[in-house]
Amino acid sequence: MPSRRNFIKTSSLAIAGLSLSNLSFTKSFVPNSFISNRPPIAERKFISEAIEAKIVEMKKTIKDEELAWLFENCFPNTLDTTITHKVIEGKPDTFVITGDINAMWLRDSSAQVWPYLQFVNEDKKLKDLVAGVINRQTKCILIDPYANAFNDGPGESPWENDVTDMKPELHERKWEVDSLCYPIRLAYGYWKTTTDVSIFDEDWKSAMKLVLKTFKEQQRKDGKSHYRFMRETAWSTDSLPLGGYGNPINPVGLIVSSFRPSDDATTFSFLVPSNHFAVVSLKQLSEILTEVIKDTLFASECVNLADEVQEALNKYANAEHLNFGKIYPYEVDGFGNKLFMDDANVPSLLSLPYLNAVSSENVLYKNTRKFLFSKNNPYYFEGKAGNGIGGPHAGLGKIWHLSVIMRGITSTDENEIVDCLDLLKSTHANTGFMHESFDKDDASKFTRSWFAWANTLFGEFILKVQKERPHLLQKLF
């Protein structure tokens with residue numbers, strides 16, 4: 001089973017989730033032929049009539065034929081290739097793999113189905129699928145709130161020898177704050193879209209109590225941690241120092257995230273964008289608990305923690321930069337140390353408005369954004385193929401499609417949005433899909449040919465443009 005460290009470095013034109021030997025797709029590999037690179041209908045994991053109708057509509061709406069082709073391939077990729085949907089004990093259950101890794105990440109699975117929420121009231125099957133993701137995430141959290149990725153039931157893991165409390169149901173056990181935020185975001189979004197409260201059963205409430213308990217534990221106010229992690233590896237970012245507990249923190253009210261959304265270890269354990277995300281999630285959880293569960297005591301605990309984390313962010317998670325004034329650092333430790341960078345994976349500093357953590361007009365965010373797209377950000381790269389943010393996970397000089405898409409989603413500048421669309425169109429390496437990363441000088445050198453999160457997020461970006469700036473889709477890029 002591949003890990004996120006076993007990069008698919010290729011310039012091949014393999015389509016996501018399919019073998020190159022599938023002769024029925026020969027024409028799809030001809031550049032500019034724009035023949036669908038989706039699996040044959042009989043091989044698709046899940047079909048939504050609402051999504052199929054939207055694809056037909058968008059192909060007529062988008063003037064640029066290649067951009068329309070990319071939307072057709074990418075937007076349904078999660079449904080086409082990653083879904084196992086069934087009913088267990090009368091409740092929908094949906095297991096969602098990331099693509100080329102046969103495991104379900106709490107983060108990725110939430111993000112992969114998020115763009116489909118806007119269609120669930122038009123398609124009962126799609127609604128049940130999303131409810132099934134929420135139900136499966138509830139089960140996962142109850143198994144272990146510290147795990148980031150899960151098997152579909154008890155099974156084997158390439159990481160079973162990690163020095164942590166592994167269980168047969170776990171694929172990996174890297175503690176990441178956002179892993180518990182994303183399921184709340186999805187459940188909240190589902191509820192607000194559908195008004196369906198069936199997902200908020202006793203198991204869900206028990207899982208949310210574990211979320212709150214885990215967040216509080218990882219404030220580490222008593223100087224101790226219930227979590228440690230070490231791995232025998234040559235990659236320093238795949239393990240934690242100091243006996244698996246990470247670098248020291250001053251317990252100021254922020255929540256430790258031992259790993260980043262990239263699954264790389266944090267340097268300073270208070271990951272700023274993830275703490276902002278936690279504030280949003282705790283407030284959303286409080287609203288559900290108040291209006292649906294009618295548990296005002298539990299709700300007040302969530303609000304109190306959100307307020308405490310926000311106060312600590314205000315005090316410890318902004319700083320003067322030598323060139324950009326006051327900005328958000330990526331990580332802090334509560335002692336005054338700060339790391340100025342960003343990583344392409346979401347939550348990131350770039351994505352804060354997307355997650356409703358800060359306004360795009362926030363002065364700190366505006367200053368931070370200027371920093372992010374400058375050479376002062378050590379993981380901002382410029383080259384012959386394009387420019388954008390990467391991260392340590394894929395290595396230097398590798399730009400992530402996630403960051404290019406998120407730059408477009410969070411932009412209020414039409415020229416910048418057009419530039420992002422043009423860059424995405426020019427860097428898919430004739431595959432018709434988004435990738436994890438591509439070389440700044442040669443987009444044909446990319447990692448992960450089957451990365452469903454990036455594909456679906458690309459579709460979300462296009463739909464946002466259609467809704468807010470439809471005239472941009474009348475351009476030829």
Side-chain angles (χ1 to χ4, degrees), residues 7-20 22 25-39 55 58-59 62-82 98-100 111-112 115 344-345 381-390 394 397-409 417-465 472-473 475-477:
F7 301 126
I8 299 175
K9 298 187 177 180
T10 177
S11 59
S12 73
L13 302 181
I15 58 178
L18 296 174
S19 168
L20 284 172
N22 189 335
F25 278 76
T26 302
K27 290 182 180 180
S28 299
F29 302 115
V30 180
N32 302 321
S33 65
F34 307 132
I35 298 172
S36 173
N37 277 354
R38 298 176 65 187
I55 292 169
M58 293 300 291
K59 288 184 70 178
I62 302 170
K63 186 173 183 179
D64 187 290
E65 190 178 1
E66 186 171 0
L67 195 66
W69 176 66
L70 284 169
F71 180 83
E72 176 187 11
N73 294 331
C74 291
F75 186 53
N77 186 243
T78 288
L79 300 180
D80 285 351
T81 67
T82 71
T98 69
D100 55 16
Q112 285 169 243
N345 286 263
F381 308 117
E382 295 180 349
K384 296 176 183 177
N387 61 83
I389 298 169
K398 296 290 188 179
I399 298 166
W400 285 55
H401 275 140
L402 283 179
S403 74
V404 180
I405 298 166
M406 191 52 60
R407 183 176 188 174
I409 285 177
I417 293 169
V418 168
D419 287 344
C420 290
L421 290 171
D422 186 50
L423 181 57
L424 293 165
K425 176 185 165 181
S426 67
T427 55
H428 64 87
N430 293 322
T431 65
F433 294 96
M434 298 296 105
H435 307 131
E436 179 187 60
S437 72
F438 62 91
D439 187 273
K440 66 182 180 66
D441 293 313
D442 184 354
S444 70
K445 298 176 181 177
F446 58 82
T447 62
R448 296 192 74 182
S449 61
W450 182 17
F451 185 30
W453 180 10
N455 288 324
T456 316
L457 189 68
F458 170 82
E460 183 178 354
F461 177 30
I462 297 295
L463 292 177
K464 186 173 189 286
V465 174
L472 295 184
L473 297 181
K475 293 179 175 288
L476 291 174
F477 294 91

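All of these numbers come straight from a predicted model, not from anything done at the bench.
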>> Please evaluate residues T81 and W450 with respect to the criterion side-chain contact (heavy atoms from CB on, under 4.5 Å), reporting the C-alpha separation (whole Å), side-chain torsions for both, the decisive distance (0.1 Å), and the verdict.
In response: CA-CA 9 Å; T81 67; W450 182 17; 3.0 Å; yes

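- Using modelled atom types, no side-chain atom of D422 and backbone atom of V418 make a donor-acceptor pair closer than 3.5 Å.
- Summarising the local packing, NZ of K425 is surrounded by more than 12 heavy atoms from other residues, nucleotides or ligands at distances under 6.0 Å.
- Of all heavy-atom pairs between A394 and W400, the closest is CB-NE1, 3.7 Å.
- At least one donor-acceptor pair closer than 3.5 Å links the side chain of W69 to the backbone N or O of I35.
- The CG atom of N37 sits 11.0 Å away from the CG atom of D80 when rounded to the nearest 0.5 Å.
- Counting all heavy atoms, side chain and backbone alike, A443 lies closest to S426 at CB-O, 4.4 Å.
- Closest approach of S449 and H435 over heavy atoms only: CA-CD2, 4.0 Å.
- Side chain of K398 to backbone of G390: no donor-acceptor contact under 3.5 angstrom is found.
- Relative orientation of the F438 and H401 rings is tilted, given thresholds of 30° and 60° on the angle between their planes.
- The shortest heavy-atom contact between M434 and C74 is N-SG, 3.9 Å.
- Inter-residue side-chain proximity for W453 and T82 is flagged as unmet; no heavy-atom pair is nearer than 4.5 Å.
- Rounded to the nearest 0.5 angstrom, R448 CZ and T98 OG1 are separated by 4.0 Å.
- Annotation: the span from I405 atom CD1 to L421 atom CG amounts to 10.0 Å, rounded to 0.5 Å.
- Once rounded to the nearest 0.5 Å, the distance linking CD1 of I409 with CZ of F461 reads 6.5 Å.
- Note: L463 CG to L473 CG = 9.0 Å, rounded to the nearest 0.5 Å.
- The minimum heavy-atom distance between K475 and K63, with the atom names listed, is O-CB, 4.1 Å.
- Residues V404 and N387 approach most closely at CG2-O, 4.3 Å, considering heavy atoms.
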>> side-chain contact (heavy atoms from CB on, under 4.5 Å) for F71 and I55? Distances and angles first, verdict last.
In response: CA-CA 8 Å; F71 180 83; I55 292 169; 4.2 Å; yes

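- Using a 4.5 Å heavy-atom threshold, the side chains of F458 and L70 count as touching.
- Residues E436 and F446 form no side-chain contact, since every pair of their non-hydrogen atoms from C-beta on lies 4.5 Å or further apart.
- Atom NZ of K464 has more than 12 heavy atoms from other residues, nucleotides or ligands within 6.0 Å.
- Here the CD1 atom belonging to I417 is positioned 11.0 Å from the CZ atom belonging to R407, to the nearest 0.5 angstrom.
- Contact of the L402 side chain with the F451 side chain is registered, since non-hydrogen atoms from C-beta on lie closer than 4.5 Å.
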